[in-house]
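These notes concern the structure reproduced below.
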Amino acid sequence: MLNKAQLFRNAAVCVSLAATWSLGADELNMRTGVTDISKAVYDLHMIMLWVCVIIGTVVFSAMFISMLLHRKSRGAIPATFHDSLKLEFAWTIIPMAILIALAIPATGTLIEMYDTGGEELSIEVRAYQWKWQYKYLDEDLNSTFSFFSNMSTPKDQIYNKEAKGEHYLLEVDNVLRIPTNRKVRFLITSEDVIHAWWVPDFGIKRDAVPGMLNDLWTLVNEPGTYRGQCTELCGKDHGFMPIVVEAMPEADYDAWYLKQVAAESARIEALSKTFSADELMLEGEKVYASFCASCHQLDGKGVPPVFPGLAGSSVAVGARDEHLRLVYEGVPGTSMAAFGKQLDAAQLAAVVHYERHAWGNNTDDITQPRDVINLFSAP
Amino acid sequence: MNAVLESSHDAHHHGPVNTGLKRWLFTTNHKDIGTLYLWFSFSMFLIGGVLALIIRTELFQPGLQFIEPEFFNQMTTNHGLIMVFGAIMPAFVGLANWMVPLMVGAPDMALPRMNNLSFWILPFAFTMIISTLFMPGGGPNFGWTFYAPLSTTYAPDSVTFFIFAVHIMGASSIMGSINIIATILNMRAPGMTLMKMPLFVWTWLITAYLLLAVMPVLAGVVTMMLFDIHFGTSFFNAAGGGDPVMFQHIFWFFGHPEVYIMILPAFGVVSQIIPTFARKRLFGYDSMVYATSSIAFLSFIVWAHHMFTVGMPLAGQLFFMYATMIIAVPTGVKVFNWVSTMWQGSMTFETPMLFSIAFVILFTIGGFSGLMLAITPADYQYHDTYFVVAHFHYVLVPGALFSIIAAVYYWLPKWCGRMYDESLGKIHFWLSFIGVNVTFFPQHFSGLAGMPRRVPDYAMQFADFNMISSVGAFLFGFSQVFFLYVIIKAIKSGQPASDRVWEGAHGLEWTIASPAPYHTFTEPPVFDDSEVHS
């Protein structure tokens, strides 16, 4: 009875599937995308699909005809043939010819994808557990400015405490912005484990491998927001490191770029400032939420024994410089990264101050950017 | 002297020397060991299935409802490891143990004591793997492909137990394959030349060579991991001058032939069953042997198609794309030969035949998506999405697993002397067939729409397909519990089976009594052309 009920449910689901099919083909097939490459890839995909459908139809039809006609219950007498050199020859040569015909356009598209020269802008994509860093590079490949891009979907949506938004799991705090109509080159690498950077609408995907610099390029024709995800298992929050790219009209992009360059000089100024305890707590809480909370948790309790808690921990209420050093240098051989590479002195000061004063931690010290600079600039 | 001869003579015609637990612990009898392998793999199949259902339960709806991401990763990893190394591989070794000596007319495996050892170390390996789930820090959580440095620098402490368990499994497989090769090459009945061997024997001979070639590579790569973790080397640690990509090259040099290790014996099984129920000799026996050998050879030169996105030079990408596409040729030959075997036969559709026909159709669908994945530019869009999950489940579940189920229905009457209930078998088939397609077909769509694999949660647009997939998974899972019932019912109270069992069956295994006596072919049988059919 249960089986019947389940069969019935499956049949109902199949009908709804067919309905979806007729409504929105987008959810059933690869996206065409918005670049010449993604369209070429889509075409290859469709050619392959149709070749497979045609071959499948021929082979399966022969099977079904045989199953219908050559059954014992219809009095079929088995034939005695069991070999044919001609046939074996034919079904070796014909598939071979089909494969060669398919390999030609595939080779062409692949060669195009590897043509990385002539870019007008280079962006370094650096992967971390579990976020992306985007560095806009100048002509000598030095960073002009950079920022991190974290998933911005609230935990309450993930744990079903509030309704899920339109871009659930595919939204970030800082969007990667690129201009349309200009060839953009991405240099991809990782700081910890292997990740993969994928924007389906651009038709490009490449692994971010520690110690290796992969390159990719794209040229987007249509302005818009395009979303992708990390596609290489990278640990606990692999499912929660989306990629959002906004392709902007050239003039808008240039204006945005100039604003970022100005903000960068303001950031460098902040490194020599002295902040009040309240300012540090406020900034520290923000930094903590984006960089620390995925392991040590927002409530500072961690996930022992893998990710230790910070509330009342010997580090967070111990000697200040040791605490700073641990955050700055990380703990080799564990998931604790060297945040000296990710955060500037003002952010490090704020987050360490925050950790030493949040969740009932109550040290009487204050940490300023210059403390960080002094500690790590000493020879 | 006479008394000694008498007693050994008695042993040949009676059951096992020991009884109870001792019989199974100390047995060197290929039938007992085959039975042990089969029951072991079935229990692993159920455990791996439970893990799969935990995964599908969490993925039933978007959001995190039941388990945390950390635990989810342990589920995907252990599901893969247990199904590949605990369920599929030992099941085929079990079939080889039971059937290879019966099919070639040998009294037992060539190395019976080693046979005992190669089985009995397996339960230890898997007890160890499963126990890691209860250790502080959790079990392996880095995927069954255990890419470094996630599986070295960033791994939980239990990774060392995982490495040890992989070593034990590898040793077991190597011993098993040595035994199979030695048996096939040395113990065939007079008159059975290589090109007259049943195709199941042929495919296992080739599989055994693949195992011998690649299991040491797997052992090597896990040993390098062990050194990176405990002895300060930097094989895969970029900070120490190592290369994480090298891990993938070594792993897939093992991993790709491993894929064929799980499918070649399935080709063999299906090539036995289809001729029996079509009542017609296998079409193109010679080309089947050559196609299997070519697939085995090609399996060594296509490994990097698993790594198209890792960042290889253009020439490398092109080579691996072309080499991978060529595999479609010998695989196609096999499918065409099976269809030609059915053509103008006189078919009946008992349960083993149903599973075999489903194998041919659904495996071919898995082959088609494999061909699509071979096209490098398109692979960038498919890579590490649910499209890949759908692809390899199509070749492993209605592929390898269906062939194992077909083999069990086909040979069970010979093993226990009783028939299964045909209508129950057919119900099992239809439930499995519907379940497998409802589970895995929608995953093609979610993959094309952009859903990455190995994620515990997903964006809203993937919700419908995941729900359908989860419903199918439960249907499929419970139909395998039903399978257990059908088998136990057959063993306990099935109708007695005849010696030949199936009207169209040919081969030495059908010339002995049902159930097969504890010792068979103590004297070499006569092998003539009337028993050749595949």
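Everything numeric here is computed off the predicted structure, so don't read it as measured data. Chain naming here is simple, since letters A, B, ... match the order of the sequence lines and numbering starts at 1 in each.
Shown here for B/Gln381 and A/Lys205, the closest heavy-atom pair between the two residues is O-NZ, 3.7 Å. Of all non-hydrogen atoms in A/Leu233 and B/Gly143, the two that sit nearest each other are CD2-N, 3.5 Å. In terms of heavy-atom proximity, B/Leu64 sits nearest to A/Phe240 at CD1-CZ, 4.2 Å. Heavy-atom minimum distance, A/Tyr168 versus B/Pro62: CE2-CB, 4.2 Å. Shortest non-hydrogen contact noted between A/Ala103 and B/Met321 is O-CE, 4.4 Å. The two residues B/Pro149 and A/Asp192 have their closest heavy-atom pair at CG-O, 3.5 Å.
When each of B/Asp286, B/Asn337, B/Asp243 is checked for heavy-atom pairs under 4.5 Å with chain A, B/Asn337 comes out on top. Of the residues considered (B/Met467, B/His444, B/Arg453, B/Gln344), B/Gln344 shows the highest number of contacts with chain A, using heavy-atom pairs under 4.5 Å. By number of non-hydrogen pairs under 4.5 angstrom with chain A, the leading residue of B/Thr145, B/Thr348, B/Thr76, B/Leu318 is B/Leu318. Among B/Ala291, B/Ser287, B/Gly332, B/Ala378, the residue with the largest count of heavy-atom pairs under 4.5 Å with chain A is B/Ser287. Chosen from A/Ile188, A/Val306, A/Leu99, the residue pairing most often with chain B at heavy-atom distances under 4.5 Å is A/Leu99.
With a 4.5 Å cut-off on non-hydrogen atoms, A/Phe202 does not touch chain B at all. Interface remark: A/Pro305 contributes side-chain atoms only to the contact with chain B (heavy atom separation under 4.5 Å). Within the 4.5 angstrom heavy-atom criterion, atoms from both the backbone and the side chain of A/Tyr159 approach chain B. In this structure, no portion of A/Ile93 lies under 4.5 Å from any heavy atom of chain B. Contacts between A/Leu110 and chain B at a heavy-atom distance below 4.5 Å involve backbone atoms as well as side-chain atoms.
Judged by distance alone, with hydrogens and angles left aside, the side-chain atoms of B/Asp457 form no donor-acceptor pair with the main-chain N or O of A/Ile158 at under 3.5 Å. Side chain of A/Asp207 to backbone of B/Gly311: no donor-acceptor contact under 3.5 angstrom is found.
In this structure the side chain of A/Trp198 never reaches within 4.5 angstrom of the side chain of B/His383, judged on heavy atoms. The closest side-chain heavy-atom distance from B/Pro452 to A/Cys230 is not below 4.5 Å. For the pair A/Glu232 and B/Tyr147, the minimum side-chain heavy-atom distance is below 4.5 Å.
With rounding to the nearest 0.5 angstrom, the CD1 atom of A/Ile98 is 10.5 Å from the CE atom of B/Met325.
B/Phe283 and A/Phe81 have perpendicular rings, their planes meeting at more than 60° on a 0 to 90° scale where under 30° would count as parallel.
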Test side-chain hydrogen bond (donor to acceptor under 3.5 Å, both in side chains) applied to B/Gln317 and A/Tyr114, step by step: CA-CA 11 Å; B/Gln317 303 276 61; A/Tyr114 265 71; 2.9 Å; yes
Start with the C-alpha gap between A/Lys72 and B/Glu503, add the side-chain angles, then the distance that decides, and say whether salt bridge (charged side-chain N to carboxylate O under 4.0 Å, His left out) holds. CA-CA 12 Å; A/Lys72 198 185 175 199; B/Glu503 187 188 29; 2.9 Å; yes
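Taking the ring centre of B/Phe308 as origin, the terminal cationic atom of A/Arg206 falls outside the region bounded by 6.0 Å and 45° from the ring axis.
Within 6.0 Å of atom CG in A/Asn160, more than 12 heavy atoms from other residues, nucleotides or ligands are found, so the atom counts as buried in its surroundings.
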